[in-house]
Undergrad: 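Okay, here's the structure, questions in a sec.
Values in this document were obtained by computation on a predicted structure and should not be read as measured data.
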Amino acid sequence: MRQKRKIVLVVIAMMMVLTLSACGGKGDVKTFVKKMQKVENLDYEIHTYRRYVASQGSDRLFRGESQVRQGKMQLDPQVFSEYYSEGSSEVQEPEDIDEHLIRFGSSDFIFKSDKIYSPKPKKVYIGSSSVTNNYEWVWKEAKDINPPEIGNSKTFLDIYEKYADKFKLTEDENHYYLDYKGDVSKNLDQMAKLQVAIIPKSKMLKQGKKDVKSCKIEIHLVMKKGKGGPTPYQTRIKLFTKMDVPEIGGAIDNEDYYQAYYRDINDVKEIKKPHGFDASKVKKSQF
């Protein structure tokens with residue numbers, strides 16, 4: 001009898017642990033925010049994309065734009081070195097649109113990787129190689145490339161804190177997982193800032209707020225367990241926006257996506273300039 005009671009108590013205890021771990025994650029969100037605020041350097045991999053469908057009657061237009069960045073960064077003073085890739089697509093045929101929409105994630109074909117090097121703030125160089133220059137790297141000043149957004153800016157962290165008490169916490173042996181899904185249609189000003197942080201040239205929410213029909217967000221934060229306490233490991237955000245635009249009698253269905261992986265936080269000793277980079281040979285450009 002005593003043995004059966006012991007087994008029942010163990011089962012109840014396990015159920016309580018599982019219930020607590022899947023309940024609230026406000027304290028863990030705060031931990032994630034504080035750890036991101038203290039990032040001084042890191043190794044990162046960032047994926048962003050936009051999937052956009054404009055409809056007018058039976059006519060539809062699909063557009064996509066994607067970006068992948070992978071490298072090392074020091075925040076203060078800012079220095080970073082990375083590989084940078086991007087792609088875009090535009091289709092109008094119904095079968096092509098359906099094919100793009102059925103895919104998970106980006107539908108853009110990314111085939112070229114450039115090198116990016118920034119030895120100091122507001123000074124960015126891009127290096128490219130091609131068969132025409134015997135595959136040697138040619139460097140130019142880059143005027144249209146922003147520093148990588150690693151997800152530690154106030155724009156990101158303020159949103160995590162605003163919805164901190166709505167995150168759900170789960171965990172396994174190695175990680176804590178924090179998830180939030182919700183309608184953010186009443187918080188469009190903050191979402192507009194997030195959209196610009198993900199897609200820097202975007203003015204969709206900033207200028208078209210009055211046309212928004214719905215706006216929903218999904219946030220997935222991961223912290224890795226370790227001796228020094230949990231450490232940020234991954235950020236993933238999806239922002240879904242639907243709009244009706246009376247001026248053109250059409251509608252817009254848009255998805256903005258941001259995903260970042262973090263390694264060696266505050267353990268990157270040096271940001272070395274890329275092999276072959278020579279500042280004296282850099283060509284000025286309006287890239």
Side-chain angles (χ1 to χ4, degrees), residues 36 39-51 64-89 103-153 156 196-202 222 224 231-237 256-287:
M36 289 302 293
V39 172
E40 297 177 358
N41 54 70
L42 79 166
D43 190 324
Y44 60 85
E45 182 178 324
I46 301 168
H47 299 252
T48 61
Y49 69 74
R50 161 168 287 177
R51 291 155 55 92
E65 52 183 296
S66 304
Q67 187 183 87
V68 179
R69 308 178 75 161
Q70 183 174 357
K72 300 179 186 294
M73 185 179 189
Q74 172 185 294
L75 275 65
D76 188 19
Q78 180 186 289
V79 179
F80 67 91
S81 181
E82 65 178 18
Y83 278 93
Y84 177 101
S85 305
E86 61 182 359
S88 61
S89 60
R103 297 178 186 175
F104 288 101
S106 169
S107 59
D108 303 319
F109 182 50
I110 300 175
F111 64 93
K112 184 182 178 183
S113 289
D114 294 320
K115 291 181 180 180
I116 305 294
Y117 178 54
S118 175
K120 59 183 179 180
K122 298 183 180 180
K123 183 63 71 172
V124 181
Y125 302 101
I126 181 170
S128 303
S129 67
S130 67
V131 65
T132 56
N133 56 21
N134 297 319
Y135 294 104
E136 292 183 2
W137 290 92
V138 176
W139 290 88
K140 299 178 181 179
E141 287 190 42
K143 301 295 184 182
D144 198 28
I145 294 181
N146 297 310
E149 172 57 78
I150 63 170
N152 70 329
S153 66
F156 281 75
V196 172
I198 296 174
I199 311 291
K201 295 180 181 179
S202 177
V222 182
K224 193 172 184 178
T231 304
Y233 178 73
Q234 181 188 358
T235 297
R236 186 176 71 232
I237 297 174
D256 296 307
Y257 179 90
Y258 174 92
Q259 185 170 28
Y261 294 94
Y262 313 115
R263 291 189 299 251
D264 298 330
I265 290 179
N266 297 336
D267 199 33
V268 175
K269 305 303 180 185
E270 181 182 6
I271 310 293
K272 296 181 179 179
K273 67 178 182 180
H275 179 72
F277 176 81
D278 185 345
S280 65
K281 296 181 180 179
V282 170
K283 297 179 180 179
K284 291 191 175 182
S285 170
Q286 294 298 318
F287 177 83

Undergrad: Measure from the side-chain N and O atoms of E82 to the backbone N and O of Y84, and report whether any donor-acceptor pair falls under 3.5 Å.
TA: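 Here the side-chain-to-backbone pair does not exist.
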Undergrad: For the residue pair Y257 and Y49, does the interplanar ring angle fall in the parallel (under 30°), tilted (30 to 60°) or perpendicular (over 60°) class?
TA: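 Y257 and Y49: parallel rings.
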Undergrad: Quick one: closest heavy-atom pair of R69 and F80, and the distance?
TA: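 It is NH2-CE1, 4.0 Å.
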Undergrad: Identify whether the distance between the nearest side-chain nitrogen and carboxylate oxygen of K201 and D144 falls below 4.0 Å.
TA: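 The answer is yes: the pair qualifies as a salt bridge.
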Undergrad: First locate atom CD1 of I198, then atom CG of D256, and finally report the distance between them rounded to the nearest 0.5 Å.
TA: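 Result: 5.5 Å between the selected atoms.
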Undergrad: Rounded to the nearest 0.5 Å, how far does CD of E65 lie from CZ of R51?
TA: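 Reported to 0.5 Å precision, the distance equals 13.0 Å.
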Undergrad: For K123, does its backbone N or O pair with a side-chain atom of S118 as donor and acceptor, under 3.5 Å?
TA: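 Judged by distance alone, yes, a pair lies under 3.5 Å.
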Undergrad: Please check if the distance between the ring centroids of F156 and Y258 is under 6.0 Å.
TA: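 Judged by ring-centre distance (under 6.0 Å), F156 and Y258 do meet the cut-off.
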Undergrad: Any chance the side chains of T235 and Y261 put a donor and an acceptor closer than 3.5 Å?
TA: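 Side-chain D/A pair, T235 to Y261: absent.
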Undergrad: When you look at F277 and Y125, which way does the ring pair (Phe, Tyr, Trp, His ring centres under 6.0 Å) test go after all the steps?
TA: CA-CA 9 Å; F277 176 81; Y125 302 101; 5.1 Å; yes
Undergrad: Rounded to the nearest 0.5 Å, what separation is found between the CG atom of D267 and the OG1 atom of T231?
TA: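 So the gap between those two atoms works out to 10.5 Å.
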Undergrad: Does the N41 side chain pair with the main chain of V268, one donor and one acceptor, at a distance under 3.5 Å?
TA: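 Flag set: sc N41 to bb V268 pair under 3.5 Å.
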